[in-house]
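Okay, structure first, notes after.
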Amino acid sequence: MSNYYTPKNQSLNPLIRTERPYPIITVQNYLKKCMDARIINPALSLDDLSTDIRMIVIGNVFEWCLKRGDADFEENMRRSLKTYLDGAF
């Protein structure tokens, strides 16, 4: 996992996002559907919101890698995303 999350891995480059199986595209699509249905009304743009979520995920993955897998990734994601999303909506 730590070899995957590197700046040299261009498949992670947000500037070249495509509709390939790129997780943030899935998140962006769900957010757009919720925004279009007026389920959520964030103060941020869709791109800013999905970028923030991508950065939270990458930060948690990096923490997990630093601890060589000895971190509660699921709980860390739940806590950090909840804190962010509670503030975003």
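Since the model is a prediction, treat every value here as computed from it, not as a measurement. Numbers here are sequence positions counted from 1.
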Next item on the list: Assess whether side-chain contact (heavy atoms from CB on, under 4.5 Å) is satisfied between Tyr30 and Ile25, documenting all intermediate values.
Entry: CA-CA 9 Å; Tyr30 281 127; Ile25 297 297; over 6 Å; no
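Ile53 is connected to Leu46 through a chain of hydrophobic side-chain contacts under 4.5 Å among Ile, Leu, Val, Met, Phe, Trp and Tyr, so both are in one cluster. Linking Ile, Leu, Val, Met, Phe, Trp and Tyr residues whenever their side-chain heavy atoms come within less than 4.5 Å places Val27 and Ile58 in a single cluster.
The distance from atom CZ of Phe62 to atom CE of Met55, rounded to the nearest 0.5 Å, is 15.5 Å. In this structure, OG on Ser80 lies 9.0 Å from CG on Leu85, to the nearest 0.5 angstrom. The distance from atom CZ of Arg78 to atom CG of Asp72, rounded to the nearest 0.5 Å, is 8.0 Å. For the atom pair OG (Ser50) and CG (Leu31), the distance works out to 7.0 Å, reported to the nearest 0.5 Å. Put simply, CE on Met35 and CG on Leu49 are 7.0 Å apart, with the number rounded to the nearest 0.5 Å. In this structure, CD on Gln28 lies 6.0 Å from CG on Asp47, to the nearest 0.5 angstrom.
By the neighbour-count criterion of 12 heavy atoms within 6.0 Å, atom CG of Asp86 is densely surrounded, having more than that number from other residues, nucleotides or ligands. The number of heavy atoms from other shown groups lying within 6.0 Å of CG (Asp36) is above 12. In the displayed structure, Glu74 atom CD is contacted under 6.0 Å by at most 12 heavy atoms of other residues, nucleotides or ligands.
The shortest heavy-atom contact between Ala71 and Asn76 is CB-ND2, 4.2 Å. Closest approach of Ile40 to Phe89, counting heavy atoms only: CD1-CE2, 3.5 Å.
In this structure, Trp64 and Asn60 have side chains that are not in contact, with every pair of non-hydrogen atoms separated by 4.5 Å or more.
Of the possible donor and acceptor atoms, none in the side chain of Asp48 sits under 3.5 Å from a partner among the backbone N and O of Leu44.
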